[in-house]
> 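Below you will find the structure I want to go over with you.
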Amino acid sequence: MHINPYGTYAVQLGVDLYNTPPESAAELGRRCVDGGLVVDTEPTDADLADAMQFLREWATVVDATTDEARADIVNGMLARASAYPRLTDHAGDGWHMHYRDPNIPLGAVIRALVSVGTALHLTTRGMTRLGRCAAEGCSNIFADVSRTGRQRYCGTACSNRDAVRRHRARAASRA
């Protein structure tokens, strides 16, 4: 199976921004750069609002109960973020694909990037490879990039906390 890394970093950026929303436009810009995105414009409050509204919509992909529902939601997001794919060497680091128009606001870039990245992630890794953390009290989203496709938690802390909870419950039931 060929896995397109474009999907991975874009979906991980969406996960990061959704789970820990940025508090300012400047923070949004920094976190996008840290996530591997080339930010061409100065982030604004409108970008922050647009990105957060989009991520609330994107979370409905995670919460969809069927592959068909996920596909319908992603297709709608792709239609709203549509642009002709294009080759670019804007950063001088080699030619690569962009799935967005040039010189658009950061909020629109996030919409296009995460929409396309989600489509690539789901089609190359599997339609069930986005989820909510299984740990009690945690509703974080995760993108399953594991080999087995069996990820259940948003991270090690939740996984460990849930394992300890299960262990203590078993020990209490034996006592």
Side-chain angles (χ1 to χ4, degrees), residues 1-22 27-28 30-39 48 50-86 88 94 96-100 106-166:
M1 170 185 352
H2 173 70
I3 304 227
N4 185 332
Y6 189 92
T8 300
Y9 99 88
V11 169
Q12 293 291 19
L13 177 62
V15 166
D16 175 59
L17 294 174
Y18 180 86
N19 288 340
T20 310
E27 181 186 349
L28 174 65
R30 280 192 308 278
R31 290 183 48 202
C32 285
V33 169
D34 291 347
L37 180 61
V38 174
V39 177
L48 179 61
D50 186 31
M52 294 302 97
Q53 192 286 321
F54 164 72
L55 290 168
R56 286 187 295 277
E57 175 188 355
W58 176 74
T60 66
V61 174
V62 176
D63 296 331
T65 57
T66 67
D67 293 352
E68 292 77 15
R70 281 185 172 193
D72 287 344
I73 296 166
V74 171
N75 284 337
M77 290 180 349
L78 289 168
R80 286 185 294 285
S82 69
Y84 292 102
R86 64 192 79 241
T88 182
H96 58 280
M97 291 290 293
H98 267 199
Y99 296 90
R100 59 181 167 94
L106 182 58
V109 170
I110 292 168
R111 178 177 297 278
L113 179 80
V114 175
S115 295
V116 171
T118 299
L120 290 169
H121 179 79
L122 295 174
T123 58
T124 59
R125 292 187 183 268
M127 291 297 285
T128 60
R129 294 289 202 112
L130 286 174
R132 296 259 181 194
C133 185
E136 189 175 302
C138 183
S139 61
N140 280 349
I141 290 174
F142 64 85
D144 185 350
V145 296
S146 68
R147 286 188 132 207
T148 62
R150 294 187 179 131
Q151 184 173 341
R152 295 182 51 226
Y153 301 98
C154 65
T156 305
C158 279
S159 174
N160 290 344
R161 188 170 42 256
D162 201 46
V164 168
R165 181 193 57 76
R166 290 190 317 270

> To the nearest 0.5 Å, what is the distance between CG on Leu55 and OG1 on Thr60?
11.0 Å

> Is any side-chain heavy atom of Cys138 closer than 4.5 Å to a side-chain heavy atom of Tyr153?
no

> Only one of Val109, Val38, Val39 passes side chain to side chain contact (heavy atoms under 4.5 Å, CB included) with Cys32; say which it is.
Val39

> Leu113 and side chain to side chain contact (heavy atoms under 4.5 Å, CB included): which partner among Thr118, Val11, Leu13?
Leu13

> Side-chain contact, heavy-atom cut-off 4.5 Å: Met97 with Arg86?
no

> Taking atom CE of Met77 and atom CG of Asp72, what is their separation to the nearest 0.5 Å?
12.0 Å

> With no hydrogens and no angle check, is any side-chain donor or acceptor of Asn19 less than 3.5 Å from a backbone partner on Asn140?
no

> Are Glu57 and Arg111 close enough for a salt bridge, meaning some N to O gap below 4.0 Å?
yes

> Going by an N to O cut-off under 4.0 Å, is there a salt bridge joining Asp34 and Arg30?
no

> Nearest heavy-atom pair of Ile73 and Val61: which atoms, and what distance?
CG2-CG2, 3.3 Å

> Closest approach of Tyr18 and Trp58, non-hydrogen atoms and distance?
CB-CZ3, 4.1 Å

> If you count the non-hydrogen atoms of other residues, nucleotides and ligands that lie under 6.0 Å from CZ in Arg150, is the total more than 12?
no

> Testing the basics here: between Met52 and Pro22, what is the closest heavy-atom pair and its distance to 0.1 Å?
CE-CD, 3.6 Å

> Within a strict 4.5 Å, meaning less than it, do heavy atoms of the Arg152 and Ser159 side chains meet?
no

> Is the closest side-chain heavy-atom distance between Arg161 and Val164 below 4.5 Å?
no

> Tell me whether Asp16 is salt-bridged to Arg31, with the criterion being a basic N under 4.0 Å from an acidic carboxylate O.
yes

> Show your working on side chain to side chain contact (heavy atoms under 4.5 Å, CB included) between Leu28 and Leu17 and close with a plain yes or no.
CA-CA 8 Å; Leu28 174 65; Leu17 294 174; 4.0 Å; yes

> Check whether any side-chain heavy atom of Leu78 lies under 4.5 Å from a side-chain heavy atom of Val74, and answer yes or no.
yes

> State, to 0.1 Å, how close Gly149 and Ser146 come at their nearest heavy-atom pair, and which atoms those are.
N-OG, 3.0 Å

> For Ala143, does its backbone N or O pair with a side-chain atom of His121 as donor and acceptor, under 3.5 Å?
no

> Checking salt bridge (charged side-chain N to carboxylate O under 4.0 Å, His left out) for the pair Arg70/Asp67: CA distance, chi angles, key distance, verdict?
CA-CA 5 Å; Arg70 281 185 172 193; Asp67 293 352; 6.0 Å; no

> Between Arg132 and Ala59, what is the shortest heavy-atom contact and its length?
NH2-CB, 3.8 Å

> Looking only at heavy atoms, what is the nearest atom pair of Val114 and Ala10, with distance?
CG2-O, 3.6 Å

> Nearest 0.5 angstrom please: Leu130 CG to Asp144 CG, how far?
9.0 Å

> Do Thr8 and Arg125 have side chains that get closer than 4.5 Å, going by heavy atoms?
yes

